[in-house]
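This report concerns only the one structure given below.
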Amino acid sequence: MLAGILFSLGLISLLVRRNLIFVLMSLEVMLNAAGLAFVVAGSRWHQADGQVVFMFILAMAAAEVAVGLALVLQIYRRFKSLDVDELSEMRG
């Protein structure tokens, strides 16, 4: 139940917020909620599979943070803003 609430809050925040930092934080909350659900399910059925999947989720979240923050820095240097609506009008 807690994992579902956290995932829903992360999804709502992802859809409502327009700052790129908050979007990345919302994705982290959603990943942690999914990890929590896997750990609880593994605990319920007395298997370690949920904990193994959670380790993969943590590794993916760490990679997402590293790449995401690098992109945020480059976007801020170039456009002087982190507003998602302004970035959607970028020209390639």
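In what follows, residues are counted from 1 in the order of the sequence shown.
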Q: Kindly work out whether a path of hydrophobic side-chain contacts (I/L/V/M/F/W/Y, heavy atoms less than 4.5 Å apart) joins Ile5 to Val16.
A: no
Q. Do you reckon Leu6 sits in the same ILVMFWY cluster as Leu27, going by side-chain contacts under 4.5 Å, direct or chained?
A. no
Q: Say whether Val39 and Leu58 are linked into one hydrophobic cluster, either directly or through other cluster members, by side-chain heavy-atom distances under 4.5 angstrom.
A: yes
Q) How long is the span from the CD1 atom in Ile57 to the CD atom in Gln51, to the nearest 0.5 Å? A) 12.5 Å
(Q) With rounding to the nearest 0.5 angstrom, report the CZ to CD distance, Arg18 to Glu86. (A) 12.0 Å
Q) What are the two closest heavy atoms between Ser26 and Gly10, and how far apart are they? A) CB-O, 3.4 Å
**Q.** From Glu28 atom CD to Leu14 atom CG, the distance as rounded to the nearest 0.5 Å
**A.** 12.0 Å
(Q) On a heavy-atom basis, which atom in Arg17 and which in Val23 lie closest, and how many Å separate them? (A) O-CG2, 4.2 Å
Q) Do you reckon Val84 sits in the same ILVMFWY cluster as Leu82, going by side-chain contacts under 4.5 Å, direct or chained? A) yes
**Q.** Hphob cluster co-occupancy, Leu24 + Phe7, side-chain heavy atoms under 4.5 angstrom
**A.** yes
Q | Approximate separation, where rounding is to 0.5 Å, of Asp83 CG and Ile75 CD1 | A | 11.5 Å
Q: Nearest 0.5 Å please: distance from the CG atom of Asn19 over to the OG atom of Ser81.
A: 8.0 Å
